[in-house]
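As structure tokens, the structure follows; a few thoughts come after it.
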Protein chains: 2
Amino acid sequence: MRRRITLKQIAKELDVSISTVSKALRESKEISQDTRDKVQAFAKLYNYKPNNIAVSLKNKHTKNIGVIIPEIVHHFFTTVISGIEKVANSKGYNVIVCLSNESFDKEVINMETLANGSIDGFIMSISKETQKKKDFHHLREVVNQGMPLVMFDRVSDEIYCDKVIVDDARGAYQAVEHLIHTGCKRIALITTVDYVSVGKLRTLGYKNALLDNEMGVDEDLIIKIEDIENCDKEIEKLFDLDNFDGVFAVNELFALTAMKIAQERGYRIPEDISFIGFTDGILSKHASPTLTTLAQHGIEMGEIAADMLIEKIEEEEEDESFRTEIIRTSLIQRDSTRKI
Amino acid sequence: MRRRITLKQIAKELDVSISTVSKALRESKEISQDTRDKVQAFAKLYNYKPNNIAVSLKNKHTKNIGVIIPEIVHHFFTTVISGIEKVANSKGYNVIVCLSNESFDKEVINMETLANGSIDGFIMSISKETQKKKDFHHLREVVNQGMPLVMFDRVSDEIYCDKVIVDDARGAYQAVEHLIHTGCKRIALITTVDYVSVGKLRTLGYKNALLDNEMGVDEDLIIKIEDIENCDKEIEKLFDLDNFDGVFAVNELFALTAMKIAQERGYRIPEDISFIGFTDGILSKHASPTLTTLAQHGIEMGEIAADMLIEKIEEEEEDESFRTEIIRTSLIQRDSTRKI
DNA sequence: AAAGCTTTTGAAAACGTTTTCGTGTTGATA
DNA sequence: TATCAACACGAAAACGTTTTCAAAAGCTTT
């Protein structure tokens, strides 16, 4: 088992100085062609590769970017990571992934350990708990230290940084209008509790769409789910209490669960009730009937986030201007809604 | 925007030496309580945190572990990552994730860039292309350099290292036996092409189960799918050509697609045909009917892999003995199979 | 042969730590 | 008062690079 070879060892073997070796390997024309060839041949033979850590220490950049997300077992986030990875890799960066597991404390710890020199910048989506607590000191600290940060999907207005978000309100609006246009008269909403920013926004879009179409908002048709694991119980209640001919759910799972309950109760989809979900994941595509959804374009979000971050990392003087990119959702029509 | 403060700066401000500061912060009793207090107070005030890169360079370990997987948009792999993250984090390690996208070249590049000092060890599952090519020089090189490596799920016999695998053959056997015990007489297999090691193993288990139950293997009932995107076409053919009352599919997608086709053709599930899939992902749980599957316990795999790796990383003298842990699958009974 | 170039090389500092070893100071002991 | 520990601190090397600057060596030109 041979350990990695270093510049120093090459220098010693070839009886030249370390600087000569370093320059020779980087094709500096300070060094004669002869020695360059000699050094390079030797380096190749011994499979020399510069030590990243040493290079990082010297050059003050690591070529790593840190990604902190709440959960990785979540299709949307993995699509975003895919996008990030793709552009990061193409620009020579590695991706360090940390999971907060929706916990504030873990998010803080992750940020602190990564911020101590391991990475050149952050891409993150904050945890539910952080959104609830509204404590963003860790983010503030990081940007104060001059570390580039781009937030995506679950962002905070209190932090000045680049952002990439989905146009949640508009997407929801679009979904509800689609239900209306295909003939739905009473449309229910299955959403999350309000502190989840995207849930709130989607709720807003829902209401606006109804109002703009002179349909009036009936609070009885809105259920806000806290305990996602047992969402079926809550959704059952909705079916017990009221009737409706359209459902807009803020995620796939809620939509599928609702469809299943509807089917058990003998409703036909989409003839009796139409369904639309948010997030175009694997579930929607393979549900029966297949679910009409709003695609969030996670890959694109990841790509844009990575592009923005790397731009900030690599620019000479830091500018204090921040952008927020808004990704438009698009409606994927499938079989859970009526055709126009 | 204040940059991070260093030992040198603290030393200067407090008019002591760098070594004194370093020792004071690490509670060395070489330093008087007075100066220790003073230094620590100052460090706290200026929020001093040691630079990871410098520490890594000095101490020859990075507290990072590299994970290379073929695809992240794949539920099984994300569960494994979850498991890895969990134990890695609890032991003070970060996880650097790289995706090979099932490409040999990308896998090689990823390994090479990470191996140059960025990480203390690897956890990986090889790409399809690598399995096809059977070229493992990059793995061999890494282990020759003394870098700990643990492979999971898609492994190679040619490389001597720690491994964590699913007992694919046994799981498949178990699945097919379950079909037999619940009354299936003619069982079809939907699998992948042979170079995918796990597909091959599962095929083996299928055949063994049939043979052991005196049912004979009918090659007409076996289809090997290359183009996953268009698996429905191939599966249709199976339905066209033959009839059967049980289906074992080597993944969720094949199983769901087959179920859908069966339903379209008017078969009742599980009365007319029973289905079992491999991998207990989200699809199985939300399919209709819900799909009986073999759980692969990805989280556990990740945890074990990380434990093995960290053990190797942290042991004093390297031992050349390698283990391979086998994770038992377990059958999750749902509604796509008949009750016993 | 001296002066002035150009070409080629090497010494050393720097990045931010950790750690070994040496040294100066203090107070106690002989 | 000389000796010796114990204590408190600092200098310096080391990790593996990159880069600046100086110097040496080889030329050409007078």
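Labels below follow one simple rule: chain letters A, B, ... track the order of the sequence lines, proteins then strands, and each chain is numbered from 1. This one's a predicted model, so the numbers in the text were calculated from it and none came from an experiment.
To the nearest 0.5 Å, atoms CD (Q9(A)) and OH (Y48(A)) are separated by 10.5 Å.
At the heavy-atom level, T35(A) lies under 4.0 Å from the strands shown only through sugar-phosphate atoms. At a threshold of 4.0 angstrom between heavy atoms, the contacts of S22(A) include nucleobase atoms, whether or not backbone atoms are also involved. Here K8(A) lies in heavy-atom contact (under 4.0 Å) with sugar-phosphate atoms only.
Comparing dG10(D), dG16(D), dT17(C) by their nearest atom to the side chain of A54(A) picks out dG16(D). Checked against dT17(D), dC9(D), dT18(C), the side chain of K23(B) finds its nearest nucleotide in dC9(D). Among dT17(D), dT18(C), dA11(D), the nucleotide with an atom closest to any side-chain atom of I18(B) is dT18(C).
No side-chain N or O of H138(B) forms a donor-acceptor pair with one of E112(B) less than 3.5 Å apart. In this model, a donor atom of one side chain and an acceptor atom of the other lie less than 3.5 Å apart for N116(B) and R4(A).
The side chain of K60(B) contributes an N or O atom lying less than 4.0 Å from OP1 or OP2 of dG16(D). For T6(A) and dC15(D), the shortest distance from a side-chain N or O to OP1 or OP2 is not below 4.0 Å. Contact annotation: T20(A) does not reach the phosphate of dT9(C) (side-chain N/O to OP1 or OP2, under 4.0 Å).
In summary, K128(A) and E107(A) do not engage in a salt bridge, as defined by a charged side-chain N under 4.0 Å from a carboxylate O. In summary, E158(B) and K134(B) do not engage in a salt bridge, as defined by a charged side-chain N under 4.0 Å from a carboxylate O. With respect to the salt-bridge test (charged N to carboxylate O, under 4.0 angstrom), the residues K163(B) and E325(B) do not qualify. A salt bridge does not link K63(B) to D120(B): none of the charged side-chain nitrogens sits closer than 4.0 Å to a carboxylate oxygen.
No hydrogens or angles were tested; on distance alone, nothing pairs the side chain of K58(B) with the base of dT17(C) as donor and acceptor under 3.5 Å.
Residue-to-nucleotide proximity on DNA chain D shows that, of S19(A) and Q9(A), the 5′-proximal contact is made by Q9(A).
Listed in residue order, the members of residues 25-33 of chain B having a heavy atom less than 4.0 Å from DNA chain C are R26(B), E30(B).
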